[in-house]
Enquirer: 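Please find one structure pasted underneath; my questions will follow.
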Amino acid sequence: MNKFVKELIPYIIIIAVVILIRCFIVTPVRVDGPSMNNTLYDGDIMMLVLFDKNYQRNDIVVFKKKDEKLIKRVIALPGEKVKCVSGIIYVNNEEYEDTHANGKTEDFKEYILGEDEYFVMGDNRNNSLDSRVFGPVKKENILGKTNSIIFPFNHFRLGN
């Protein structure tokens, strides 16, 4: 093996490892729009965890809706019932502690989620296209979850 090829091998390995990490473990994702204000802001860059498919209530997830990637918070889990009456969200007829909402939640009809469906909402309730409009999100459309803002560096304000 000539010297040039021997010097090139470590760089090829590094590139392969980076590609594998980005495709299967974590990848950056950019917040686009105000639907998650005051938790996330337009332009924030976050790390999306691709391998953990165990989504819980209040997780922030990224999912595909048509050709877009949307970022929303999980409100209700598979098999649950969710509705909003007089501005109060109920999950399985129990009041949901809505600590992340920015703005009043408008009432919406009851949804009974399938075994592979999640009900998601933006934290900025008055300016979010979410499950109240397009219905539950199928698990197969969820790309992953995130809880780390990596840019801008001056505001690591995310938490559950």
Enquirer: Sort and list the pairs that fulfil side-chain hydrogen bond (donor to acceptor under 3.5 Å, both in side chains) and have at least one residue in residues 7-36, not counting sequence neighbours.
Expert: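 Output for this query lists Arg22-Thr27, Ser35-Lys72.
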
Enquirer: Got a sec, which residues hit ring pair (Phe, Tyr, Trp, His ring centres under 6.0 Å) with Phe108, two or more places apart in sequence or on another chain?
Expert: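 In terms of ring pair (Phe, Tyr, Trp, His ring centres under 6.0 Å), with neighbours along the sequence ignored, Phe108 is linked to Phe119.
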
Enquirer: For the CG atom of Leu77 and the OH atom of Tyr118, what is their distance to the nearest 0.5 Å?
Expert: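 One finds 6.5 Å between CG of Leu77 and OH of Tyr118.
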
Enquirer: Can you see which heavy atom on Leu129 is nearest to which on Phe134, and at what distance?
Expert: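 Shortest heavy-atom contact: O-CE2, 3.5 Å.
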
Enquirer: With no hydrogens and no angle check, is any side-chain donor or acceptor of Thr146 less than 3.5 Å from a backbone partner on Met47?
Expert: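 Flag set: sc Thr146 to bb Met47 pair under 3.5 Å.
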
Enquirer: Would the distance check show the side chain of Asn127 and the main-chain N or O of Pro34 forming a donor-acceptor pair, the cut-off being under 3.5 Å?
Expert: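 Not a single qualifying donor-acceptor pair exists.
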
Enquirer: Could you point out which residue of Val62, Ile71, Ile45, Asn37 forms a side-chain contact (heavy atoms from CB on, under 4.5 Å) with Val31?
Expert: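 The side-chain contact (heavy atoms from CB on, under 4.5 Å) with Val31 is passed solely by Ile71 among Val62, Ile71, Ile45, Asn37.
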
Enquirer: How far does CG of Asn147 sit from CD1 of Ile60, to the nearest 0.5 angstrom?
Expert: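 Going from the CG atom of Asn147 to the CD1 atom of Ile60 covers 8.0 Å.
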
Enquirer: Any sub-3.5 Å donor-acceptor pair from Asn92's side-chain atoms to Glu94's backbone N or O?
Expert: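 Answer holds: no.
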
Enquirer: May I have the step-by-step check of side-chain contact (heavy atoms from CB on, under 4.5 Å) for Val85 and Lys83, ending in yes or no?
Expert: CA-CA 7 Å; Val85 178; Lys83 65 182 174 183; 4.2 Å; yes

Enquirer: Is it true that a side-chain atom of Lys139 and a backbone atom of Lys53 form a donor plus acceptor pair closer than 3.5 Å?
Expert: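 At least one qualifying donor-acceptor pair exists.
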
Enquirer: Got a second to check how far Asn93's CG is from Lys81's NZ, nearest 0.5 Å?
Expert: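 Answer for the CG-NZ pair, Asn93 versus Lys81, is 4.0 Å.
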
Enquirer: Just grab all the salt bridge (Lys or Arg N to Asp or Glu O under 4.0 Å) pairs involving residues 102-130, residues at least two apart or on different chains.
Expert: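 Residue pairs passing salt bridge (Lys or Arg N to Asp or Glu O under 4.0 Å), neighbours aside: Arg73-Asp123, Asp98-Arg125, Asp116-Lys138, Glu117-Lys138, Asp130-Arg132.
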
Enquirer: So how far is it from Lys64 NZ to Leu143 CG, rounded to the nearest 0.5 Å?
Expert: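 So the NZ of Lys64 and the CG of Leu143 are separated by 6.0 Å.
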
Enquirer: If you round to the nearest 0.5 Å, how far is OH of Tyr90 from CD1 of Ile75?
Expert: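 Those atoms lie 15.0 Å apart.
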
